[in-house]
Enquirer: 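Next up is a structure, given as structure tokens.
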Amino acid sequence: MDAEAIRRALRRIAHEIIERNPHLENVVLAGIPSRGVEIARRIAGFIREIEKADVDTGVIDVAMHRDDVGTRKELPVVHASKLPVPLEERTVIIADDVLYTGRTVRAAMDAINSFGRPARIQLAVLVDRGHRELPIRPDYVGKNLPTATREQIQVRLQETDNGPDGVWLEKD
Amino acid sequence: MEFGWKKIDDDMTARWTRKDLLGLRELTADEINFVLETTDAFKQVGTREIKKVPALRGKTLVNFFVEPSTRTRTSFELAAFRLSADVINISATTSSLTKGETLKDTARNLQALQADIIVLRHSSAGAPQFLASRLKASVINAGDGAHEHPTQALLDLYTIRERRGEIAGLHVAIIGDILFSRVARSNIFGLLKLGARVTLVGPSTLVPREFEKLGAEVSYKIEDVLPTADVVNLLRIQHERQRREYFPGLGEYIRLFGLTKQRAKLLKPDCLIMHPGPINRGVEIDSEVADGLQSVILDQVTNGLAVRMAVLYLCGGIAR
């Protein structure tokens with residue numbers, strides 16, 4: 001995917017969010033650091049462009065909610081979460097770059113629940129590469145990219161990676 | 001084949017590889033800054049409806065306090081609870097140390113209990129180092145003799161950074177019994193590494209010129225220092241353990257070095273007033289000054305909890 005394809009995909013997701021959420025004032029677009037935060041910001045930008053409406057954005061740290069405490073060999077960096085409270089009555093849309101095993105999303109849902117009990121949680125991802133290990137499915141998908149597990153998906157965004165936007169598939 | 005979490009990007013992997021936190025002397029400025037950044041994330045947890053995260057679930061922490069301390073111990077205990085770790089408290093009176101067991105044997109027993117993290121407060125400098133080099137568990141120094149008290153200094157640095165944005169270029173005065181203070185020592189190392197100017201103030205018997213070798217300035221006249229200070233950190237006068245030959249006497253100390261209401265007028269309006277606690281009202285600080293607008297003493301307590309969560313996470317958060 002090149003920069004233009006990413007732009008179109010995120011713009012389409014913005015349209016779908018508007019269509020499925022008549023009360024946009026209740027929506028919170030919450031990104032997972034670091035690229036998810038940028039994706040949430042961009043989707044919010046498209047919604048503003050299309051609907052002239054501002055939606056709240058936020059940050060969800062998943063590092064402290066991971067399920068591999070006893071086995072991991074590398075320590076993930078924690079970030080400060082930021083969500084508007086109270087979350088009751090609100091729709092939190094988790095935004096991330098790549099959906100893979102689903103474990104990050106599970107951790108994100110856990111994190112959100114420690115802030116309160118939103119009316120619903122939805123999921124928006126730029127790329128769905130398959131290989132789920134948990135019963136999780138996205139509500140908004142930029143692109144489905146069937147991959148082998150040994151392949152790697154690399155998303156780069158200008159704001160987070162100091163380079164042009166793009167999605168690369170790396171074999172081995 | 002690997003299932004589960006995708007490999008962490010380089011920029012998402014912690015810039016911290018230490019098993020133990022023994023002191024600030026051996027840390028780099030980058031490591032100190034990384035602890036402070038991590039603290040931001042854990043401080044946020046304290047504002048949630050549910051103030052608990054599973055970051056250390058299944059880990060066992062032993063609070064091993066050979067020297068009494070309620071504040072530091074409860075701060076570590078609450079930090080561990082908020083990270084979902086299990087906590088055992090062992091104090092000098094309940095441990096077998098009083099029955100003649102050596103520190104090494106006690107340590108081996110803790111290891112046999114499969115403790116993952118040991119928080120040690122000890123009256124001997126170097127005791128945490130001794131345990132750290134012999135045990136698989138992470139060892140966190142919660143104060144060893146007159147040597148170091150790294151989490152206290154880190155919470156002081158965090159509090160300054162939170163209020164002033166940056167530590168580099170600030171002038172910090174540390175006032176009181178510097179010679180016997182592990183808080184002072186850790187603060188001096190941390191502040192200098194982050195680029196602050198440090199002036200130590202107190203009676204000449206308690207503030208030897210030796211400290212100039214570390215890069216700090218020394219002054220015996222508090223009035224000379226207060227007008228240019230951005231932060232004053234007042235150490236507790238541990239009058240219960242002062243030796244006569246070092247200490248001028250309480251009345252004379254207050255007269256010469258106490259932060260009285262009158263002296264506080266010399267401070268810049270935005271100067272922060274800090275104290276590691278517990279405070280002796282009317283000794284090193286007047287009541288009105290301790291409760292005044294410039295005082296960040298209670299922020300220090302709140303931040304201490306977040307700093308300790310960060311330290312426990314960084315040292316104890318991976319499989320060893």
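Every value quoted in this text rests on a predicted model; they were computed, and no experiment measured them. Just so we're on the same page: letters track the sequence lines, and every chain starts at 1.
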Enquirer: For A:Glu89, look at atom CD and say whether over 12 heavy atoms of other residues, nucleotides or ligands are found less than 6.0 Å away.
Expert: no

Enquirer: Taking only heavy atoms into account, what residues of residues 295-304 of chain B are found under 4.5 Å from chain A?
Expert: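 Interface residues of residues 295-304 of chain B: none, nothing closer than 4.5 Å to chain A.
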
Enquirer: Contact part of A:Thr71 toward chain B, heavy-atom cut-off under 4.5 Å: side chain, backbone, both or neither?
Expert: backbone

Enquirer: Testing the basics here: between B:Tyr313 and A:Pro76, what is the closest heavy-atom pair and its distance to 0.1 Å?
Expert: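 That closest heavy-atom pairing would be OH-O, 2.6 Å.
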
Enquirer: For B:Asp40 and A:Ala80, which heavy atoms make the closest approach, and how far apart are they?
Expert: O-CB, 3.9 Å

Enquirer: Test side-chain contact (heavy atoms from CB on, under 4.5 Å) on A:His65 and B:Val53 and set out the steps.
Expert: CA-CA 6 Å; A:His65 294 270; B:Val53 293; 3.6 Å; yes

Enquirer: Is it the side chain or the backbone of B:Lys59 that comes within 4.5 Å of chain A heavy atoms, both, or neither?
Expert: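 For B:Lys59, the side chain is the part near chain A, not the backbone.
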
Enquirer: In terms of heavy-atom pairs under 4.5 Å, which option from B:Lys43, B:Glu37, B:Glu49 contacts chain A the most?
Expert: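 Most heavy-atom pairs within the cutoff with chain A belong to B:Glu49.
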
Enquirer: Counting only heavy atoms not in B:Arg25, do more than 12 sit closer than 6.0 Å to its CZ atom?
Expert: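 It does not: B:Arg25 CZ has 12 such atoms or fewer within range.
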
Enquirer: Is the backbone of A:Asp67 close enough, under 3.5 Å, to the side chain of B:Arg57 for a donor and an acceptor to pair up by distance?
Expert: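 Pair absent, no side-chain N/O of B:Arg57 close to backbone of A:Asp67.
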
Enquirer: Between B:Leu314 and chain A, with a heavy-atom cut-off of 4.5 Å, which part of the residue counts as in contact: side chain, backbone, both or neither?
Expert: both

Enquirer: Would you name the heavy atoms of A:Ser114 and B:Arg48 that are closest together and state the gap between them?
Expert: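 Heavy atoms only, the tightest pair is OG-NH1, 3.0 Å.
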
Enquirer: Would you indicate whether B:Arg18, at its atom CZ, is surrounded by more than 12 heavy atoms from other residues, nucleotides or ligands within a distance under 6.0 Å?
Expert: yes

Enquirer: So for atom CZ, which belongs to A:Arg117, do other residues, nucleotides or ligands contribute more than 12 heavy atoms lying within a distance under 6.0 Å?
Expert: no

Enquirer: Who among A:Lys82, A:Met64, A:His131 has the most heavy-atom pairs with chain B under 4.5 Å?
Expert: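 Most heavy-atom pairs within the cutoff with chain B belong to A:Met64.
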
Enquirer: B:Gln44 versus chain A, heavy atoms under 4.5 Å apart: side chain, backbone, both or neither?
Expert: side chain

Enquirer: At what distance, to the nearest 0.5 angstrom, does CZ of B:Arg15 lie from CG of A:Leu75?
Expert: 12.5 Å

Enquirer: State whether the number of non-hydrogen atoms from other residues, nucleotides or ligands found under 6.0 Å of B:Arg134 atom CZ is greater than 12.
Expert: yes

Enquirer: Please check if the number of heavy atoms outside B:Gln114 that lie under 6.0 Å from its CD is greater than 12.
Expert: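 Not more than 12 within 6.0 Å, no.
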
Enquirer: Select, from A:Asp61, A:Asp110, A:Val78, A:Leu134, the one with the greatest count of heavy-atom pairs under 4.5 Å involving chain B.
Expert: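 Ranked by heavy-atom pairs under 4.5 Å with chain B, first place is A:Val78.
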
Enquirer: If you draw a 6.0 Å radius around CZ in A:Arg132, do more than 12 non-hydrogen atoms from other residues or ligands fall strictly inside?
Expert: yes

Enquirer: Under 4.5 Å heavy-atom distance to chain A, tell me which part of B:Phe34 shows up: side chain, backbone, both or neither.
Expert: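 Just its side chain gets close to chain A.
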
Enquirer: Atom CD1 in B:Ile318, atom NZ in A:Lys73: separation rounded to 0.5 Å?
Expert: 7.5 Å

